[in-house]
There are 2 protein chains.
Amino acid sequence: MTQARVTQDQQGRKQALAPCLEPCPIERGMRIIGGKWKGSILWHLKEGPVRFNDLARILGGASKKMVNQRLKEMEEQGLVRRQVLSDRPIAVAYEITEFGRSSLAVLEQLKSWAEAHGI
Amino acid sequence: MTQARVTQDQQGRKQALAPCLEPCPIERGMRIIGGKWKGSILWHLKEGPVRFNDLARILGGASKKMVNQRLKEMEEQGLVRRQVLSDRPIAVAYEITEFGRSSLAVLEQLKSWAEAHGI
DNA sequence: TCAACCAGTATACTTTTAGTAACCACGCAA
DNA sequence: TTGCGTGGTTACTAAAAGTATACTGGTTGA
């Protein structure tokens with residue numbers, strides 16, 4: 001992001017130079033990992049694949065609809081992979097991708113920051 | 001956060017141990033710096049205090065109402081300080097606090113992560 | 001046979017967030 | 001006196017996010 005400044009023209013009217021139009025990297029990044037539950041989902045997948053209903057149970061407060069919606073979003077964004085373990089007795093697990101794993105560092109820092117400041 | 005697990009009782013019913021009830025540090029932290037525009041506001045205050053209308057101009061897409069709402073929230077959360085520069089011709093500037101500054105590290109990392117992955 | 005599990009889907013609803021546009025009272029300068 | 005500046009407020013709308021409950025269609029185990 002370029003440092004934005006504010007200038008004045010000859011008539012004294014003000015305008016912004018390099019205004020932060022909506023999608024600066026921070027806003028964009030937030031939209032990837034900032035959604036409700038997304039951090040928690042990634043966090044709980046870091047030890048290995050987790051089945052759908054187990055995830056819903058772990059995320060106590062979230063409804064299945066929420067979990068499903070978030071997982072679909074995250075699959076599209078490449079944070080998470082859906083693997084069908086078996087048909088007949090249907091079984092599905094969600095696994096974190098390399099990309100998803102790369103975001104854990106940010107989440108980890110956010111977590112320490114939050115804990116350090118008693119948030 | 002304790003690692004959550006899922007167990008079964010003698011009847012085969014499943015339940016989550018240590019479920020991630022809503023406010024784990026990650027979710028809580030997100031709520032502090034995750035709101036729309038909040039990252040950008042902090043970012044633009046890091047070089048020094050900025051006047052209200054200048055901030056609104058820099059944040060091109062955001063309306064005064066949005067900016068004002070966010071600033072009030074952030075003032076309550078202690079991320080930002082409102083200083084009245086002068087009465088009579090009213091002038092106000094917003095300054096980042098030490099607490100606000102402490103969050104810049106997280107934002108910085110989020111920014112590099114976003115840029116590194118072409119988000 | 002019954003109940004509980006699996007992985008969702010459907011419907012309906014409420015709440016929160018985002019956003020527009022217009023307006024206020026005041027000051028300053030041409 | 002008109003227009004722009006200051007720092008907001010008010011009223012309203014639209015869209016997103018979230019909750020709650022029930023349902024499908026099949027499987028598994030007591």
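All chains are named by letter (A, B, ...) in the order of the sequence lines, taking the proteins before the strands, and each is independently numbered beginning at 1. Computed from a prediction, not measured in an experiment: that's the story for all the values here.
With sequence neighbours excluded, the residues forming a side-chain contact (heavy atoms from CB on, under 4.5 Å) with B/Ala91 are B/Arg51, B/Leu85, B/Ser86, listed by chain and number. Residues passing the side-chain hydrogen bond (donor to acceptor under 3.5 Å, both in side chains) test with A/Ser102 are B/Trp113, B/His117, sequence neighbours excluded. The side-chain contact (heavy atoms from CB on, under 4.5 Å) test applied to B/Glu108 returns B/Trp43, not counting sequence neighbours. Residues satisfying the side-chain hydrogen bond (donor to acceptor under 3.5 Å, both in side chains) test with A/Ser112, not counting sequence neighbours, are none.
To the nearest 0.5 Å, the span separating CZ on A/Arg101 from NZ on A/Lys46 amounts to 9.0 Å.
The base of D/dG7 lies close enough to the side chain of B/Lys64 for a donor and an acceptor atom to sit less than 3.5 Å apart.
Atom CD in B/Gln69 sits roughly 11 Å away from atom C1' in C/dT16 (whole-Å rounding). Regarding B/Lys36, its NZ atom lies at a distance of 19 Å from the P atom of C/dT16, rounded to whole Å. Note: CD1 (A/Ile41) to C1' (D/dG18) measures 14 Å, nearest angstrom. One atom, CZ of A/Arg51, and another, P of C/dA4, lie 19 Å apart when rounded to the nearest Å. Protein atom CE of B/Met66 is 16 Å distant from nucleotide atom C1' of D/dT13, rounded to whole Å. To the nearest angstrom, P of C/dA18 lies 10 Å from CD of A/Glu27. The distance from atom CG of A/Asn68 to atom P of D/dT24 is 18 Å, rounded to the nearest whole Å. What separates CG of B/Leu55 from P of D/dG7 is a distance of 10 Å, to the nearest Å.
Looking only at side-chain heavy atoms (C-beta outward), A/Arg31 and A/Gln77 stay at 4.5 Å or farther from each other.
Here the closest non-hydrogen pair linking A/Pro25 and B/Glu115 is CG-OE2, 3.4 Å. Among all heavy-atom pairs drawn from A/Gly78 and A/Thr97, the shortest one is O-OG1, 2.6 Å. The heavy-atom pair separating B/Ala93 from B/Pro49 by the smallest distance is CB-CB, 4.1 Å.
Nearest to the side chain of B/Asn53, among D/dT6, D/dT9, D/dT19, sits D/dT6. Distance from the side chain of B/Phe52 is smallest for D/dG8 among the nucleotides D/dT19, C/dC6, D/dG8.
Annotation: ring pair (Phe, Tyr, Trp, His ring centres under 6.0 Å) contacts involving residues 75-98 of chain B, sequence neighbours excluded, are absent. Each salt bridge (charged side-chain N to carboxylate O under 4.0 Å, His left out) pair with one or both residues in residues 64-76 of chain A, not counting sequence neighbours, appears once here: A/Lys38-A/Glu73, A/Arg70-A/Glu73. Each salt bridge (charged side-chain N to carboxylate O under 4.0 Å, His left out) pair with one or both residues in residues 89-100 of chain B, not counting sequence neighbours, appears once here: B/Arg81-B/Glu95.
Within residues 70-78 of chain B, the residues that place at least one heavy atom under 4.0 Å from DNA chain D are, in residue-number order, B/Lys72. DNA chain C is contacted by B/Arg88 of residues 79-95 of chain B, taking any non-hydrogen atom closer than 4.0 Å.
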Could you list, one pair per line, each protein nitrogen or oxygen that sits under 3.5 Å from a nitrogen or oxygen of nucleotides 10-14 of chain C, together with the distance?
residue, atom, partner, partner atom, Å
C/dA12, N6, A/Lys65, NZ, 3.3

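Distances shorter than 4.0 Å separate none of the side-chain N or O atoms of B/Arg31 from OP1 or OP2 on C/dT16.
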